[in-house]
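Order of the sequence lines sets the chain letters (A, B, ...), proteins ahead of strands, with each chain counted from 1.
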2 protein chains.
Amino acid sequence: MTVSIKDVARAAGVSPATVSRALSGGKVSAELRAQVEDAVHRTGYRPNLSARRLRSQESQTIGLIVADICNPFFTAVARAVEDEAYKAGLRVILCNTDENPEKESMYLQLMEEERVTGVIFAPTRATAGRLGKLRLNYPIVLIDRADIASGQDAVVLDNAAAATMLVEHLHGQGYRHIAGLFGNASTTGIERHAGFTAAMQRLGLQPESRFVAPSIEAAEAEIASWLSHGHAPEAVVASNGLLLMGVVKAIRAAGKRIPEDLAVAGFDNESWTELAGPGLTVIEQPVAEIGRTAMHLLLERLETPGAPVRKVVLGGRCVVRGSTKAVQPLLA
Amino acid sequence: MTVSIKDVARAAGVSPATVSRALSGGKVSAELRAQVEDAVHRTGYRPNLSARRLRSQESQTIGLIVADICNPFFTAVARAVEDEAYKAGLRVILCNTDENPEKESMYLQLMEEERVTGVIFAPTRATAGRLGKLRLNYPIVLIDRADIASGQDAVVLDNAAAATMLVEHLHGQGYRHIAGLFGNASTTGIERHAGFTAAMQRLGLQPESRFVAPSIEAAEAEIASWLSHGHAPEAVVASNGLLLMGVVKAIRAAGKRIPEDLAVAGFDNESWTELAGPGLTVIEQPVAEIGRTAMHLLLERLETPGAPVRKVVLGGRCVVRGSTKAVQPLLA
DNA sequence: TTCAATCGTGAAAACGTTTTCTTAAGCTCC
DNA sequence: GGAGCTTAAGAAAACGTTTTCACGATTGAA
């Protein structure tokens, strides 16, 4: 049925070894190489990657395990990882964990069975903690989320600094009563919360924080509750794109205005943030840079497995828009 | 180095065949099965999927080839496909073509080399046309885009009907001078344009259409040009989420209002459309249903390869929001 | 001219499974 | 109690490659 390298060899009048060498750029005379190419064309031969991987013991494949493929942050990172992997001659297997530790375990194991050469992984907090104990037979580079203790290569945002930027910006615009809404599944929520709290205290302000599930609905419900009970702050900081969307939806649903009734700032410069309300002030993450860097860290780790662990911390950029407009003209 | 089924067999004091049978649920005495399970645990054995696939000649894998993984429409479909594939015990390889025919060819070939059992594919117009000639050794189910002539299973939106709904809605709201903006890379653009034009003519209106590249920037530039030259229509219909975003960005940049200066309607009920301006009137596609149906068509095709080609056409839903508010109170 | 080194090629082994074939042991049934 | 079945287990073949090994021919140096 399916045509194998032996069929090609027969058609070309050479041995299978010669076909293999001709196709992989080995030493073959020009004459035989031409015969082989012709035979490949005539037979419609397609190499069997499973056989190739089995024999050569290298999969030329990496795994990319993210929490949510519908989240623009991860798709943007995935694009960058894929482009970079392609340049290095590697395939990418993309996996979706839904922030579910069981799925994470399942995929980490699957990656072993696929014999991937390495994995780029955005773990939940639960998994990040026990990653060191897992003894997987491939190197891992963490992205976006990294436990401080985990002895893994990682590339992350300077979350504390970014949260500080937002707080200081809001403070500069005249806001004093500022609340923070953080995701409870990842370490980024923790770190951004820490930066937020520290910055508030440094400014002599009373920090107020809530942790919720990383979903639009959870954020929406939380804000709706604030607004309906009438004890809403002057401004709110949302620790990722999902929560930010929930915040804006709740404010619209309540018929309130941004920033007059509630100022808004958040993380992730997704394209819709420019269009929502008066435009949303956000921290822009260097998504492409994160993907590229992760891939490079992985390649270097593969090259020198013994090298010391490296953690790359990238800075965010504060994009100021109307959602944090000064509450009243500032005094000079 | 890596532990194989032979090592497990040795550790359990049985033959490799027995290990294989024990792990795949074959007939093995309870006693030996326990020994095997213990040995697997002790040795940390992980089956090698390449070897398994090579020997059993089935990959248990399907390919999902989409145009743009950053487009929420495709990520939503991908999610549904993955969930359904998982239920059927299949893995999914996700590929990104960037609407680039060369990448499409590359991935179609790669899927052959991976020996996938089938492929779900959203092709560009260029590739949709020559798909029949390609003689690939796996069945294909097309999604979102399908050439009329292509003898392939497919699941698509009723594009003409959806475009008609938008036109009739705008007409009902009092708009007369309506322009359409369509993507030039896919068959959906063609079909939506056809529906748009037919509906306009049926209503005795003069249709005006533009085809642009499927990107935010292209749409933005086109609308910006309309607005700056002062010959903008009363309303514009955008044929997908990307173009819709470009339209809104251009209107905001020009300092115009929706719908007073320009009413807007489009395709794809992405979550941001609720938040942009006064909310955008859109056609909601049954994304999950599309993914599920595609997977089912593929499974049925695998079961009965000879069955006649099926094309499933799903209806869209018109979600009315502020961007198409009546231009002036309608007369009773 | 001869010996060693290099080169292109084919034969055969190897990769880690699953599956077919064989075999030995335990049954059932007259 | 032996002929015929069923059953569980092992031996060995097979999947489609790549790679090692062996071999003869060509080349280069002495």
Side-chain angles (χ1 to χ4, degrees), chain A residues 1-37 39-40 43-61 89 91 109-117 137, chain B residues 1-37 39-40 43-61 89 91 109-117 137:
Chain A
M1 177 61 219
T2 169
V3 31
S4 84
I5 203 172
K6 289 181 191 171
D7 302 312
V8 178
R10 201 172 310 123
V14 302
S15 73
T18 300
V19 175
S20 173
R21 283 190 276 254
L23 294 181
S24 59
K27 304 237 67 172
V28 175
S29 69
E31 189 190 9
L32 290 194
R33 166 161 285 137
Q35 287 178 36
V36 168
E37 277 165 12
V40 165
T43 57
Y45 169 70
R46 292 272 178 271
N48 181 319
L49 290 185
S50 292
R52 192 202 297 266
R53 289 199 265 253
L54 172 59
R55 167 63 229 208
S56 67
Q57 296 289 80
E58 50 188 43
S59 64
Q60 305 281 50
T61 300
R91 284 239 337 110
Q109 175 169 337
L110 183 65
M111 292 303 101
E112 288 203 281
E113 301 184 353
E114 292 276 7
R115 300 292 191 267
V116 296
T117 60
N137 52 19
Chain B
M1 180 57 223
T2 170
V3 32
S4 84
I5 203 172
K6 289 182 191 170
D7 302 312
V8 178
R10 201 173 310 125
V14 301
S15 74
T18 300
V19 176
S20 173
R21 284 190 275 252
L23 294 181
S24 61
K27 306 235 65 172
V28 176
S29 69
E31 187 190 9
L32 289 195
R33 166 161 286 137
Q35 286 178 37
V36 168
E37 275 165 13
V40 165
T43 56
Y45 169 71
R46 293 274 177 271
N48 182 319
L49 290 185
S50 292
R52 190 201 297 264
R53 290 198 266 253
L54 171 60
R55 168 61 230 211
S56 66
Q57 296 289 79
E58 50 189 41
S59 64
Q60 306 281 49
T61 300
R91 282 239 337 112
Q109 176 168 338
L110 182 65
M111 293 304 102
E112 290 204 279
E113 302 185 353
E114 292 277 6
R115 300 295 191 269
V116 296
T117 59
N137 52 20

For the pair B/Arg115 and A/Leu49, evaluate side-chain contact (heavy atoms from CB on, under 4.5 Å) and give the outcome as yes or no after the intermediate values. CA-CA 8 Å; B/Arg115 300 295 191 269; A/Leu49 290 185; over 6 Å; no
Partner residues of B/Thr61 under the side-chain hydrogen bond (donor to acceptor under 3.5 Å, both in side chains) criterion, sequence neighbours left out: none
Could you walk me through whether A/Ser4 and A/Asn48 satisfy the side-chain contact (heavy atoms from CB on, under 4.5 Å) test, starting with their C-alpha distance in whole Å, then the side-chain angles of each, then the deciding distance to 0.1 Å, before giving a yes or no? CA-CA 8 Å; A/Ser4 84; A/Asn48 181 319; over 6 Å; no
Of all heavy-atom pairs between B/Ala9 and B/Val19, which one has the smallest distance, and what is that distance? CA-CG2, 3.6 Å
Identify the heavy atoms of B/Ser50 and A/Leu54 that sit nearest to each other, and give their distance. CB-N, 4.2 Å
List the atom of A/Val116, the atom of A/Ser59, and the distance in Å for their closest heavy-atom pair. CA-OG, 3.4 Å
5'-most contact on DNA chain D (nearest-nucleotide basis), A/Ile5 vs B/Glu31, goes to B/Glu31
Determine yes or no for a side-chain-to-main-chain donor-acceptor pair under 3.5 angstrom, with A/Gln60 supplying the side chain and A/Gly89 the backbone. no
Need one value for A/Ser20: base, sugar-phosphate or nothing, where a base atom within 4.0 Å counts as base even if backbone is also close, heavy atoms only. base
When rounded to the nearest 0.5 angstrom, what distance separates CZ in A/Arg33 from CG in A/Leu23? 9.0 Å
Identified side chain to side chain contact (heavy atoms under 4.5 Å, CB included) counterpart of A/Arg21 within the set A/Val28, A/Val36, A/Leu32, A/Val14: A/Val28
Identify, residue by residue, the members of residues 46-57 of chain B with a heavy atom below 4.0 Å from DNA chain D, and return them in order of residue number, or none. B/Leu54, B/Arg55, B/Gln57
Thinking salt bridges, do B/Arg91 and B/Glu114 make one under a 4.0 Å N-O criterion? no
Measure across A/Gln35 and A/Ala12 and return the closest heavy-atom pair with its distance rounded to 0.1 Å. OE1-O, 2.9 Å
Taking 5' to 3' order, which nucleotide of DNA chain D is first and which is last to have an atom within less than 4.0 Å of a heavy atom in chain A? D/dG16 to D/dT20
Are OP1 or OP2 of C/dA11 and a side-chain N or O of A/Ser15 less than 4.0 angstrom apart? no
Rounded (10°) bend between the five-pair end axes of the helix from C/dT1-D/dA30 to C/dC30-D/dG1: 40°
Taking only residues two or more places apart in sequence or in another chain, which ones pass side-chain hydrogen bond (donor to acceptor under 3.5 Å, both in side chains) with B/Arg52? none
Tell me which residues in residues 21-30 of chain A put a heavy atom below 4.0 Å from DNA chain D, sorted by number, or none. A/Arg21
So which atom in B/Val3 and which in B/Tyr45 form the shortest heavy-atom distance, rounded to 0.1 Å? O-CD1, 3.5 Å
